[in-house]
Number of protein chains: 2
Amino acid sequence: MVEYQSPHLDAVFHALSDPTRRAMLHRLSAGKHSVSQLAEPFDMSLAGASKHVKVLEAAGLVSRHVEGRTHYCRLEAARLAEAQAWFRYYERFWSDRLDALQNILEAEDRQKPPAEKG
Amino acid sequence: MVEYQSPHLDAVFHALSDPTRRAMLHRLSAGKHSVSQLAEPFDMSLAGASKHVKVLEAAGLVSRHVEGRTHYCRLEAARLAEAQAWFRYYERFWSDRLDALQNILEAEDRQKPPAEKG
DNA sequence: TGATATCTAAACCATATGGTTGAATATCAG
DNA sequence: CTGATATTCAACCATATGGTTTAGATATCA
């Protein structure tokens, strides 16, 4: 109906709206971590932290693989990229280095076959 | 405590997590609109839409100026830029055109005085 | 003045969210 | 088997969210 209605974006932006979850993602950017490891910096029950991990997982921002009793989490950058792509449309409304980038990309696009969408 | 704790990011990402609000932003990218104009595409009471506008406003994504009885809203791109900047750190985890951009920016940074933060 | 238009405020509702605790499920180590 | 470790599940709670409706508050028009 409305357009700009990626089912993913709802979940991804919601997941990113919590500082605990953003911190977890940041931690995961250094490599895979167990749920307890992710929970450790926070003054919060493990069950609470586990719920945050689930939100990240549901948003597709994190994947999990179980090794024995330990659940390892990994950053899933694709969904982050998807979310960042949402901003691309708005980049023309501010004017810092991104402007230059935008121009470069657009010039690039003019020389390559179209990717998937604008 | 946790770091990556921009008070703005919470509100901005939360605001972006709703498709109605994203659509409103998109509409505003074409120029200023009144609250009713923003509300019109949605099957929702005006009061409901007005609440969405308030969320966008509270997040700093939209500003309002009253003209007579009409409240006009304008896109505030700065906060969007701020949110997009959050992604910059993660760009190295995916490899599409952004990679190239990243490299270009970094090369640029090496030649200019430092901006504000990485 | 009075009617209409634009918008917010307030009260309400159902459901989601972020947290807790306590119990259940697996796994690993003796 | 026993016990400790790693994690989830389930129930619960307070508060937030997204919506409604009804009732103002202003502003414009006639």
Side-chain angles (χ1 to χ4, degrees), chain A residues 1-2 4-25 27-28 31-74, chain B residues 1-2 4-25 27-28 31-74:
Chain A
M1 192 168 290
V2 183
Y4 275 70
Q5 192 121 274
S6 160
H8 291 345
L9 285 180
D10 290 21
V12 169
F13 283 135
H14 168 250
L16 295 182
S17 74
D18 185 284
T20 300
R21 290 192 289 260
R22 286 198 304 275
M24 284 178 166
L25 284 181
R27 196 95 181 280
L28 287 174
K32 74 178 186 181
H33 285 69
S34 72
V35 171
S36 326
Q37 286 173 330
L38 287 175
E40 169 258 333
F42 305 103
D43 185 21
M44 182 189 299
S45 68
L46 180 63
S50 167
K51 278 191 181 185
H52 280 297
V53 173
K54 287 239 290 194
V55 171
L56 290 167
E57 212 184 351
L61 290 168
V62 155
S63 65
R64 175 194 310 243
H65 84 278
V66 182
E67 234 169 82
R69 57 189 165 183
T70 305
H71 295 211
Y72 285 105
C73 297
R74 190 162 63 92
Chain B
M1 186 169 292
V2 184
Y4 274 69
Q5 191 121 276
S6 160
H8 290 347
L9 285 180
D10 290 21
V12 170
F13 283 135
H14 167 249
L16 295 182
S17 73
D18 185 284
T20 299
R21 291 192 289 261
R22 287 198 305 277
M24 284 177 166
L25 285 181
R27 197 94 181 280
L28 287 173
K32 76 178 185 182
H33 285 70
S34 72
V35 172
S36 327
Q37 287 174 328
L38 287 176
E40 168 259 331
F42 305 104
D43 185 20
M44 183 188 301
S45 68
L46 179 62
S50 167
K51 278 191 178 183
H52 280 296
V53 173
K54 286 241 289 195
V55 171
L56 290 168
E57 211 183 352
L61 291 169
V62 155
S63 65
R64 174 194 311 244
H65 85 278
V66 181
E67 233 170 82
R69 57 189 166 182
T70 305
H71 295 212
Y72 284 104
C73 298
R74 188 162 64 91

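Chain letters run A, B, ... following the sequence lines, proteins first and then strands; every chain starts at 1.
- Side chains of A/E40 and A/R27 form a contact here, defined as non-hydrogen atoms less than 4.5 Å apart.
- The interatomic distance linking A/H65 (NE2) with D/dA6 (C1') rounds to 14 Å, in whole Å.
- One interatomic measurement links the two molecules: CZ of B/F42 to P of D/dT20, which rounds to 12 Å at whole-angstrom precision.
- In this structure, CG of A/L46 is placed 12 Å from P of D/dC9, rounded to the nearest angstrom.
- Nearest to the side-chain atoms of A/H52 among the listed nucleotides C/dG18, D/dC9, D/dA6 stands C/dG18.
- Here the closest heavy-atom approach between residue B/S17 and residue A/H14 is recorded as CB-N, 3.4 Å.
- Going from atom NZ of A/K54 over to atom P of C/dG18 covers 14 Å, rounded to whole Å.
- As rounded to whole Å, 13 Å separates atom P of C/dT17 from atom CG of A/L56.
- Using a 4.5 Å heavy-atom threshold, the side chains of A/L16 and B/L9 count as separate.
- Here the side chains of B/H71 and B/E57 are not in contact, with every heavy-atom distance at 4.5 Å or above.
- Within the 4.0 angstrom heavy-atom criterion, base atoms lie near B/S45.
- In terms of position along DNA chain D, the nucleotide closest to A/S34 lies nearer the 5' end than the nucleotide closest to the other residue of the pair B/V55 and A/S34.
- Spacing between atom OH of A/Y72 and atom C1' of D/dA6 amounts to 10 Å, rounded to whole angstrom units.
- In this structure, the CG atom of B/D10 is 14 Å from the P atom of D/dA16, given to the nearest Å.
- Listed nucleotides: C/dT17, C/dT21, C/dA11. Nearest to the side chain of B/K51: C/dA11.
- Under the 4.5 Å side-chain criterion, counting only non-hydrogen atoms from C-beta, A/H52 is not in contact with A/F42.
- Side-chain atoms of A/R69 and base atoms of D/dT5 include a donor and an acceptor less than 3.5 Å apart.
- Atom C1' of nucleotide D/dT15 and atom NE2 of B/H14 are separated by 13 Å, given to the nearest angstrom.
- Residue-to-nucleotide proximity on DNA chain C shows that, of A/A49 and B/T70, the 5′-proximal contact is made by B/T70.
- Among the protein residues, A/G68 comes within range of the sugar-phosphate backbone only, with heavy atoms under 4.0 Å from sugar or phosphate atoms but none that close to a base.
- Closest approach to the A/D18 side chain among D/dG18, C/dG19, C/dT6 is made by C/dG19 (side chain taken as heavy atoms from C-beta onward).
- With C/dA9, C/dT6, C/dT21 as the choices, the nucleotide that has an atom nearest any side-chain atom of B/A47 turns out to be C/dA9.
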